[in-house]
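Written out below as structure tokens is the structure these notes cover.
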Number of protein chains: 2
Amino acid sequence: MAEELRTLVERLKAVSHPLRLRVLSLLELGELCNCQIAETLQVPASSVSEALRELRRAGFVAERKDGRWVFMSLVTRELASPFLKGLLEEAAAVPEVQQDRVRAQAVTALAIPVVCSKVQRDAPTEREATHV
Amino acid sequence: MAEELRTLVERLKAVSHPLRLRVLSLLELGELCNCQIAETLQVPASSVSEALRELRRAGFVAERKDGRWVFMSLVTRELASPFLKGLLEEAAAVPEVQQDRVRAQAVTALAIPVVCSKVQRDAPTEREATHV
DNA sequence: ATGATATTTCGATAATTTCCGATATATACT
DNA sequence: AGTATATATCGGAAATTATCGAAATATCAT
């Protein structure tokens, strides 16, 4: 063990960001692909991709490629981290995060190709949330 | 309860910084004044003051004025926060933080005026030890 | 192969953060 | 009063980060 100070700070920075924190909390529900997250959070797919890259660099998230989709999930070993465990617990109480989870359930109920085409069409133009 | 996303992110940002994290961890030992921290960590007193301001803004730290000294301490209510508790636990395992605590014990063994004059003399010249 | 589409990287600007010496403010001591 | 000293604030240049459309890359479908 014996984590370096810089490493711990980098991990903290990785989650000190609204989008990245929301993405991290979403992944508590299980693995999701980039487009499912983009659709759930109503943000550009490139922003989600960048958020996931940072979360991966910090060691919180792992990827599993399946065809043209990349499924991201929490690294289970990380869930032993007292800090991450506490953070996820605290984040789960945040209203925005809870709303995201409701949206995610609607999104994951659909087949992935349906969701992703939807992202292609909607994200750049429509920015008003479909309620919730 | 029901913390806002923005609030949680601000709290995370406040500790996503090497100096601020070291200061926060030092305060686990008990209340310390600005100059004791500056001497312990060998950084300019103004940097410590700014670090403490951010930690105060985030709600982690409270001040108690006593003459020309300002003693800072952890807000005990905050220690109930799962995230902060986990973070402090994880930080306590970091070698740099452990070394800081050893230094702090030497510093707090001295009378405060002695320590503070020492800071006045030393801090501006010694620059080689700074990371961050 | 051609086209479609999921994801990543790039580019470029704007906004924010960092750092610390210098200066200001506040209290103590004589 | 004046001097000393503890802390806070300021200034402002450098570094870092945020953002998202556009372009690039990779895979699937026909």
Side-chain angles (χ1 to χ4, degrees), chain A residues 6 9-10 12-23 32-39 41-58 61 63-72 111-125 127, chain B residues 6 9-10 12-21 23 32-39 41-58 61 63-72 111-127 129-132:
Chain A
R6 177 164 304 276
V9 168
E10 290 309 313
L12 285 164
K13 276 196 205 170
V15 294
S16 302
H17 182 287
L19 179 57
R20 295 197 292 264
L21 186 52
R22 291 170 76 197
V23 170
L32 294 170
C33 74
N34 199 88
C35 72
Q36 290 176 310
I37 300 171
E39 169 61 17
L41 305 183
Q42 294 288 295
V43 295
S46 70
S47 298
V48 172
S49 178
E50 279 164 348
L52 286 166
R53 177 179 53 189
E54 292 307 306
L55 293 173
R56 240 183 290 125
R57 280 206 326 155
V61 161
E63 67 177 37
R64 176 180 70 84
K65 292 199 173 182
D66 181 11
R68 69 190 122 165
W69 292 286
V70 180
F71 290 91
M72 314 299 284
I112 289 184
V114 176
V115 171
C116 290
S117 341
K118 194 167 187 305
V119 171
Q120 285 293 102
R121 285 201 312 279
D122 294 357
T125 52
R127 300 300 295 278
Chain B
R6 177 172 310 274
V9 168
E10 289 310 312
L12 285 164
K13 276 196 205 172
V15 294
S16 301
H17 182 285
L19 178 58
R20 295 197 292 264
L21 186 52
V23 170
L32 294 170
C33 74
N34 200 89
C35 72
Q36 289 176 310
I37 300 171
E39 169 61 17
L41 304 183
Q42 294 287 296
V43 295
S46 70
S47 298
V48 172
S49 179
E50 279 166 347
L52 286 167
R53 177 178 55 191
E54 293 307 306
L55 293 174
R56 240 183 288 125
R57 280 206 326 155
V61 160
E63 66 177 36
R64 177 180 71 83
K65 292 200 173 184
D66 181 10
R68 69 190 123 162
W69 292 285
V70 179
F71 289 92
M72 314 299 284
I112 289 184
V114 176
V115 171
C116 290
S117 341
K118 195 166 186 308
V119 171
Q120 286 293 102
R121 287 201 311 279
D122 293 357
T125 50
E126 296 186 17
R127 297 285 296 282
T130 28
H131 30 308
V132 166

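Everything quoted here is computed from the prediction, not taken from an experiment. So that the names make sense, note that chain A is the first sequence line, chain B the second, and so on, each numbered from 1.
- Using a 4.0 Å cut-off, no side-chain N or O of S49(A) falls inside it from OP1 or OP2 of dT7(C).
- Rounded to an integer number of Å, the gap from NE2 of H17(B) to C1' of dT17(C) is 8 Å.
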In sequence, state the C-alpha distance, the side-chain angles, and the governing distance for M72(A) and R56(A), and then conclude on side-chain contact (heavy atoms from CB on, under 4.5 Å).
-> CA-CA 9 Å; M72(A) 314 299 284; R56(A) 240 183 290 125; 3.1 Å; yes
Show your working on side-chain contact (heavy atoms from CB on, under 4.5 Å) between V70(B) and L52(B) and close with a plain yes or no.
-> CA-CA 11 Å; V70(B) 179; L52(B) 286 167; over 6 Å; no
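- Toward the 5' end of DNA chain D, the nearer of the two residues R20(A) and N34(B), judged by each one's closest nucleotide, is N34(B).
- For CZ of R64(B), the number of neighbouring non-hydrogen atoms (other residues, nucleotides, ligands) closer than 6.0 Å is greater than 12.
- Ranking dT7(D), dG21(C), dT7(C) by closeness to the A45(A) side chain, first place goes to dT7(C).
- Nucleotide dA18(D) holds its C1' atom 14 Å from the CZ atom of R6(B), rounded to whole Å.
- Atom pair E54(A):CD and dT9(C):C1' shows a separation of 13 Å (rounding to whole Å applied).
- If you measure from atom CD of E39(B) to atom P of dT7(D), you get 12 Å, rounded to the nearest angstrom.
- Nearest-nucleotide positions on DNA chain C place M72(A) closer to the 5' end than the other of K13(A) and M72(A).
- Atom-to-atom, CG of L52(B) to P of dT7(D) comes out at 9 Å; the value is rounded to the nearest Å.
- The side chain of S47(A) places no N or O atom within less than 4.0 Å of a non-bridging phosphate oxygen (OP1 or OP2) of dT19(D).
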Quick tally for nucleotides 25-30 of chain C: nucleotides whose base has a protein heavy atom under 4.0 Å get B, sugar-phosphate-only ones S, the rest -, giving --SSS-
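- Surrounding CZ of R6(B) are at most 12 heavy atoms belonging to other residues, nucleotides or ligands under 6.0 Å away.
- A disulfide bridge does not connect C116(B) to C33(B): their SG atoms sit 2.5 Å or farther from one another.
- Rounded to a whole Å, the CZ atom of R57(B) is 12 Å from the C1' atom of dT17(C).
- Remark: the backbone N or O of A45(A) is paired with a side-chain donor or acceptor of N34(A) at under 3.5 angstrom.
- The phosphate of dA8(D) has neither OP1 nor OP2 within less than 4.0 Å of any side-chain N or O from R53(B).
- Remark: the backbone N or O of A14(B) is paired with a side-chain donor or acceptor of R20(B) at under 3.5 angstrom.
- Rounding to whole angstrom units, CD of residue E63(B) and C1' of dA6(D) are separated by 13 Å.
- In this structure, of dC10(C), dA22(D), dG21(C), it is dC10(C) that holds the atom nearest to the side chain of E50(A).
- Proximity note for S46(A) (side chain, C-beta onward) versus dA8(D), dT17(C), dT9(C): the nearest is dT9(C).
- Regarding contacts with the backbone of dT7(C), every side-chain N or O of R56(A) stays at 4.0 angstrom or more from both OP1 and OP2.
- To the nearest angstrom, P of dT18(C) lies 13 Å from CG of L21(B).
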